[in-house]
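Okay, structure first, notes after.
Chain identifiers are assigned alphabetically (A, B, ...) following the order of the sequence lines, protein sequences preceding nucleic acid strands; residue numbering begins at 1 within each chain.
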2 protein chains.
Amino acid sequence: MRVLIVEDDALHRSYLNEAVRSALPECDDVMESEDGRLGEIEARKSRAEFVVMDLQMRERNGIEAARTIWRERPDTKILFWSNYSDEAYVRGVSRIVPEGATYGYVLKSTSEERLKLALRSVFLESQCVIDREVRGIQQKGMGSAHGLTDGEYEILVDVALGLTDKTIANRKKLSLRTVQNRLQQLYEKLDIYKETGDDESRYNLRTRAVAVALMRRLLNASAVERAERELQNDWTSQEFQGP
Amino acid sequence: MRVLIVEDDALHRSYLNEAVRSALPECDDVMESEDGRLGEIEARKSRAEFVVMDLQMRERNGIEAARTIWRERPDTKILFWSNYSDEAYVRGVSRIVPEGATYGYVLKSTSEERLKLALRSVFLESQCVIDREVRGIQQKGMGSAHGLTDGEYEILVDVALGLTDKTIANRKKLSLRTVQNRLQQLYEKLDIYKETGDDESRYNLRTRAVAVALMRRLLNASAVERAERELQNDWTSQEFQGP
DNA sequence: GCTTGTCTTGCGGGAACCCGCAGATCTTAG
DNA sequence: CTAAGATCTGCGGGTTCCCGCAAGACAAGC
């Protein structure tokens, strides 16, 4: 049994190493990689079945790395280990997990006990373990507080990328007016209107929406970069023109 | 001699504690705070002259905390200790440092030797120490690659907040056309035009500018939040109504 | 069937945005 | 003082955005 740790902070890396050795005495070998890119290579070379993965790394973030690892070996068990419970990350993870794969999601602020428990549960018993703080975000469809539909979230990302309404309509195969409608209902969910109501001063609604999405941690730079890469793919592989 | 450590990650906190005790044997007491808010209180209560401050914390980020600490005791020596060399953070720090104050800025990835050296240099010899990677950003005015004027950066922040051109004009006491001019030169610096040139597909320029600023780490959520708070101050203290 | 509700699409217009052009102001160098 | 250069400002227009209104599509329920 061999475990691969992918984490770019040296302290956290050694902490994880120690925790893994302590929680899993049956573990023969613990490998380490310093960023997502190297993690992919190491996982491919060593054929590790168990991975502890940091999100938010320099060279290549944990979501990208996990996706390629799962693409090559879908039975790999991955425990995600993240700083915050940003909605963008949680969504990103749940978007790439393949059918039936086992994974976990724990915050760096959890106690060592919980971490070790999660290691044993995910790696040995193939249970999915998700921290309570994260769980709150994962179940979508709550009381409009910060529960965006998948469709609305998609629109939000496209807007945050700086796309035009018309461009979004082409990409999503929708009418122009429909895109604008979804934007409006996005504005309502984000309380954009309430703010402009206070003063006569007006916001530019679409950029304001991006701003509050940032502040509410619905978006972050990594999510935008991911979407940007997907966009460039669509952009070059197929030309978008006409009805 | 007493040192206050403000850092919300437990591992980094203990690492810093050890480093401080090792680098500064003449240090009597090492205090710790878990976020910016508590750090302010502890600094006020203990009258610590030396602070090691993390940026990017939950409750109140390091820049805010440092500002209030410096406002109460401008002779406090602060060593900033950050994950990345994000332009937004560097700008934020250099914006709040008072006249003649001594401070340092080192990355978490630097070696323990460099960290200890920085601790001694800043705290004992009152030297300003700034990591090489950070230095690159600090000197502004380079070959248009990512060198934004202060004025351009201000505009960028206001746009990222979601403000209207007219609103920005009022806030900055400028003409509407001037704001739009600055926006145009911002677009050029960010290469917004080059991108739209590839395809007929159009971007919404202002949100696109925010997107690339995010991806180039010129902006981040903390910077937006900071600006938002300033905005709300102006908003309520004085009413903005054009002639 | 009829109604109710949600989602999509079109039309139209007022407002905001993007920008070329040209005159006015201010700085800097010779 | 003058000339050159950068910045600010107003005007006019083409485009996009924001949104109220209304008609069609589809599903669920009495």
Side-chain angles (χ1 to χ4, degrees), chain A residues 140-141 144 147-156 158-197 199-212 240 242-243, chain B residues 140-141 144 147-156 158-197 199-212 240 242-243:
Chain A
K140 60 215 170 194
S144 86
L148 296 188
T149 310
D150 280 349
E152 289 160 354
Y153 186 74
E154 295 262 331
I155 287 278
L156 173 61
D158 278 5
V159 169
L161 273 180
L163 299 182
T164 305
D165 290 3
K166 192 163 58 171
T167 310
I168 300 176
N170 283 3
R171 234 166 100 72
K172 292 288 192 317
K173 299 283 171 53
L174 291 174
S175 164
L176 181 68
R177 192 61 181 84
T178 304
V179 174
Q180 293 175 339
N181 270 342
R182 290 200 181 170
L183 262 178
Q184 273 184 262
Q185 85 197 59
L186 183 66
Y187 296 154
E188 283 183 10
K189 292 239 181 133
L190 295 180
D191 290 334
I192 308 290
Y193 297 118
K194 201 188 331 184
E195 302 186 336
T196 155
D199 250 314
E200 173 110 16
S201 59
R202 275 273 164 64
Y203 286 114
N204 176 318
L205 299 184
R206 62 172 39 217
T207 50
R208 182 61 182 173
V210 175
V212 313
F240 277 83
Chain B
K140 60 218 169 192
S144 86
L148 295 188
T149 309
D150 280 349
E152 288 159 355
Y153 187 74
E154 295 262 331
I155 287 279
L156 173 61
D158 278 5
V159 169
L161 272 179
L163 299 181
T164 305
D165 290 4
K166 192 164 59 172
T167 311
I168 300 176
N170 283 5
R171 235 167 98 70
K172 293 290 195 316
K173 301 283 171 53
L174 292 174
S175 165
L176 181 68
R177 193 62 182 84
T178 303
V179 173
Q180 294 174 340
N181 271 342
R182 289 199 181 170
L183 262 178
Q184 276 184 260
Q185 85 198 58
L186 182 67
Y187 296 153
E188 283 184 9
K189 290 241 181 130
L190 296 180
D191 290 335
I192 309 290
Y193 297 118
K194 204 192 320 186
E195 302 186 337
T196 155
D199 250 315
E200 173 111 13
S201 59
R202 274 274 164 63
Y203 285 114
N204 177 317
L205 299 184
R206 63 171 38 216
T207 51
R208 182 60 182 172
V210 175
V212 314
F240 275 86

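Of the two residues near DNA chain D, L174(B) and Q180(B), the one whose nearest nucleotide lies more 5' is L174(B). Both N204(B) and Q185(B) sit near DNA chain D, but only Q185(B) has its closest nucleotide nearer the 5' end. Taking for each of N181(B) and T207(B) the nucleotide of DNA chain C with the nearest heavy atom, the 5'-most of the two is the partner of T207(B).
Going from atom CG of L183(A) over to atom P of dC17(D) covers 9 Å, rounded to whole Å. When rounded to the nearest whole Å, the span between OH of Y187(B) and C1' of dC18(C) equals 8 Å. Separating the CD atom of E152(A) from the P atom of dT8(C) is a distance of 10 Å, rounded to the nearest angstrom. Per the geometry, CG belonging to L186(B) stands 11 Å off P belonging to dC18(C), to the nearest Å. dC7(C) atom P lies 16 Å from atom CD of E154(A), rounded to whole Å. Rounded to an integer number of Å, the gap from CD1 of I155(B) to P of dC8(D) is 9 Å. dC19(D) atom C1' lies 16 Å from atom CD1 of I192(A), rounded to whole Å. In this structure, I168(A) atom CD1 and dT16(D) atom P are separated by 14 Å, rounded to whole Å.
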Original post:
Step by step, would you call E154(A) with K172(A) a salt bridge (charged side-chain N to carboxylate O under 4.0 Å, His left out)?
Top reply: CA-CA 9 Å; E154(A) 295 262 331; K172(A) 292 288 192 317; 3.6 Å; yes
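The phosphate of dT8(C) has OP1 or OP2 within less than 4.0 Å of a side-chain N or O from R182(A). Look at R206(B) and you'll find a side-chain N or O under 4.0 angstrom from OP1 or OP2 of dC18(C). Here Y193(A) reaches the OP1 or OP2 of dC19(D): one of its side-chain N or O atoms lies under 4.0 Å away. Distances shown here put every side-chain N or O of Y203(B) at or beyond 4.0 Å from the OP1 or OP2 atom of dC18(C).
The backbone N or O of T207(A) lies less than 3.5 Å from no partner atom in the side chain of T207(B), so there is not a single donor-acceptor pair.
For the 3.5 Å distance criterion, the side chains of R208(A) and N204(A) fail to qualify, holding no donor opposite an acceptor.
At the heavy-atom level, L176(B) lies nowhere under 4.0 Å from the strands shown.
To the nearest 0.5 angstrom, Q180(B) atom CD is 10.0 Å from I155(B) atom CD1. Taking CD1 of I168(A) as the reference point, atom CG of L183(A) lies at 6.5 Å (rounded to 0.5 Å).
Side-chain proximity of T178(A) to the nucleotides dC19(D), dT9(C), dC18(C) is greatest for dT9(C). Closest approach to the K166(A) side chain among dT16(D), dT9(C), dT9(D) is made by dT16(D) (side chain taken as heavy atoms from C-beta onward). Checking dC17(C), dC19(C), dC17(D) against the side-chain heavy atoms of D165(A) singles out dC17(D) as nearest. Distance from the side chain of R177(B) is smallest to dT9(D) among dG10(C), dC18(D), dT9(D).
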